[in-house]
2 protein chains.
Amino acid sequence: MKILIIEDEEEIRESIASYMQTEKYVCEFADTLNIAIDKIVTHDYDCILLDLMLPDGNGLKVLEKIRALNKQDGVIIISANGSLEDKIKGLNIGADDYLAKPFHLSELNARIYSVVRRKKFDSKNLMYYNELEINLQFKVVKVKGKEVLLTRKEFDLLLFLVGSKDMVVSKNAIAEHLSGDMADMMDNIDFVYAHAKNLKKKLTEAGCNNYIKTVYGVGYKFQV
Amino acid sequence: MKILIIEDEEEIRESIASYMQTEKYVCEFADTLNIAIDKIVTHDYDCILLDLMLPDGNGLKVLEKIRALNKQDGVIIISANGSLEDKIKGLNIGADDYLAKPFHLSELNARIYSVVRRKKFDSKNLMYYNELEINLQFKVVKVKGKEVLLTRKEFDLLLFLVGSKDMVVSKNAIAEHLSGDMADMMDNIDFVYAHAKNLKKKLTEAGCNNYIKTVYGVGYKFQV
DNA sequence: CTTCTATAATGAGGATTTTCATACCTGTAA
DNA sequence: TTACAGGTATGAAAATCCTCATTATAGAAG
């Protein structure tokens, strides 16, 4: 995954960079508006981290440029002053997320994941994970080219986990998502176990690797 | 129902007012920021219609005042320029809905209904319609004090219809709501008929008047 | 008023979802 | 290591939901 970090403060840039490298992201940098725009015009990034306060102008210009070029790069705005106005303006012009300084690097990481994932979902109707194929449009799942008949809830669950690929999804989140209910405390979430079991079973029986991992005490995780 | 109309253009004010009177709402008016704030401080309204362009300042100040006073009045912003920025800012500061000029009065009316209803839902856990009692908190329905056992979908349907009391809800809207699915064209909405039938049956068998009316060719309506 | 067509109601059967009881597993602490 | 507690898996039963074929009804047209 390729990330562009647009940020003029050396210190922040470095700390983000070092963290990103442990996550095995490829990072590039820009510390001015002009360098940033140069890079954006000539490259595609999975995600762009954009500080709004730059020495040669407001970072929103970068955002405008990206959208004007009709680029699909995900953009997360990083703002020091945390002003609501910037946030609104940013999300409006087309940022995908917004993060106010200071933030935890793990939080940033989670946002990047989620933005990149969302982008992929939006643009693609088909997803492949080795022998596993998920067709969003027709709501069909295939393993090794052969269709696996999933029930609606099973499909929903799979998609929900895939949507947070490599991240653990709590049982409660799953319960809420599947039942469509509010954040009420669920009195019983056994149905999550049941659907997880059935989904796993159908996939493995079709010859799919065990991509759905149980995370003891927390929930489940989709990981290729 | 008491409505406050904050609008400086005489013509618009009158047309809204006359329509609202046919709907049997009680209307009050304010044509400046100062009058508006005076009224808001001293009265409670079910719904406030707020034009942003006022002679003595931006209407968002009214909104800020309402929220600062921790008032529960519903607020619908009416804006001439239809700028997205105003919309977002407004909804963010705490408006409940937003309507760009020009609009149909029936549309406005529907929005008022929906805002007022939503507010009521938010604050109330219990709703009574004569012999019918709906407990949001425990998701229980009683008729003449006796519990009626509804399935989840039946309860959902009832709530959805009650939430748009006196307005017709299309079968498609119901189908989407019940299935939790996106705006995909449903290939089959027979299940709406089924749930509607079962819900009606359970209620009438429990001795509840037929508050759920079928609107031929459109959908259903909850009406006391 | 009668007929016609589209829409809605109905009942039953099959599919799915949820619950429940029980067995199994994981991590923790003695 | 072993026992323990809390968490998870499982199969089967119960409840619910969806589909389908059929019947009934509403509104339109003649």
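Numbers restart at 1 for each chain; the letters A, B, ... are given by sequence-line order, proteins then strands. All figures in this text were calculated on a predicted structure; none of them were measured in a lab.
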> Roughly, in whole Å, what's the span from CD in E205(B) to C1' in dA9(C)?
Replying inline: 15 Å
>> Please list all pairs meeting side chain to side chain donor-acceptor pair (under 3.5 Å) that have one or both residues in residues 157-169 of chain A, counting only residues at least two apart or in different chains.
In response: none
> Quick one: is dA9(D) close enough that its OP1 or OP2 comes under 4.0 Å of any side-chain N or O from K200(A)?
Replying inline: yes
> If you take atom types as modelled and just measure distance, does the side chain of K201(A) reach the base of dG11(D) with a donor-acceptor pair under 3.5 Å?
Replying inline: no
>> Expressed as a whole number of angstroms, how long is the span from N198(B):CG to dA8(C):C1'?
In response: 14 Å
>> Using five base pairs at each end to define the local axes, how bent is the helix from dC1(C)-dG30(D) to dA12(C)-dT19(D), to the nearest 10°?
In response: 20°
> Atom CD1 of I189(B) and atom C1' of dT19(D): how far apart are they, to the nearest Å?
Replying inline: 13 Å
>> Can you list everything that forms a ring pair (Phe, Tyr, Trp, His ring centres under 6.0 Å) with Y211(A)? Sequence neighbours excluded, please.
In response: F222(A)
> In terms of side-chain heavy atoms of T214(B), which of dA8(C), dA9(D), dG27(C) is nearest?
Replying inline: dA8(C)
> Taking everything shown except K201(A) itself, do over 12 heavy atoms lie less than 6.0 Å from its NZ?
Replying inline: no
>> Under 4.0 Å between a side-chain nitrogen and a carboxylate oxygen: does that hold for K202(B) and E205(B)?
In response: no
>> Side chain of K197(A), heavy atoms from C-beta onward: which of dG11(D), dT19(C), dG27(D) has the nearest atom to it?
In response: dG11(D)
> Atom CG of L149(B) and atom P of dT19(C): how far apart are they, to the nearest Å?
Replying inline: 14 Å
> When the nearest nucleotide of DNA chain D is assigned to V192(B) and to K202(B) on a heavy-atom basis, which residue is associated with the more 5' position?
Replying inline: K202(B)
> Between dT19(D), dA9(D), dG27(D), which one does the side chain of D190(B) approach most closely?
Replying inline: dT19(D)
> OP1 or OP2 of dA15(C) sitting under 4.0 Å from any side-chain N/O of T151(A)?
Replying inline: no
>> Quick check for you: among dA8(C), dT19(D), dA9(D), whose closest atom lies nearest to any side-chain atom of A194(B)?
In response: dT19(D)
>> Please check: side-chain N/O of D73(A) versus main-chain N/O of C47(A), any donor-acceptor pairing under 3.5 Å?
In response: no
>> Given dA26(D), dA21(C), dT17(C), identify the nucleotide with an atom nearest to the side chain of R152(A).
In response: dT17(C)
>> Between the base of dA8(C) and the side chain of Y216(B), is there a donor and acceptor pair under 3.5 angstrom?
In response: no
> Distance check: side-chain N/O of K153(B) vs OP1/OP2 of dT17(C), anything under 4.0 Å?
Replying inline: no
>> Using a 3.5 Å distance criterion without hydrogens, assess whether the side chain of K146(A) forms a donor-acceptor pair with backbone atoms of A206(A).
In response: no
> Among R152(A), H195(A), E154(A), whose side chain to side chain contact (heavy atoms under 4.5 Å, CB included) with L178(A) holds?
Replying inline: H195(A)
> Taking CG from N188(A) and P from dC20(C), how many angstroms apart are they, rounded to a whole number?
Replying inline: 6 Å
>> Assess, by modelled atom type and distance only, whether the side chains of K221(B) and T214(B) contain a donor and an acceptor separated by less than 3.5 Å.
In response: no
>> From C-beta outward on Y193(B), which listed nucleotide comes closest to its side chain: dT19(D), dA8(C), dA21(C)?
In response: dA8(C)
>> Given dA8(C), dC17(D), dG27(C), identify the nucleotide with an atom nearest to the side chain of Y220(B).
In response: dA8(C)
> Could you give the NZ-to-C1' distance, from K213(A) to dC25(C), as a whole number of Å?
Replying inline: 18 Å
> For F155(A) and dT16(C), what is the distance between atoms CZ and P respectively, to the nearest whole Å?
Replying inline: 15 Å
>> Nearest whole Å is fine: how far is dT18(C) P from I174(A) CD1?
In response: 13 Å
> With respect to the side chain of H195(B), which nucleotide from dG7(D), dC17(D), dT10(C) is positioned closest?
Replying inline: dC17(D)
> Looking at the side chain of F191(B), which of dT19(D), dT17(C), dA9(D) is the nearest nucleotide?
Replying inline: dT19(D)
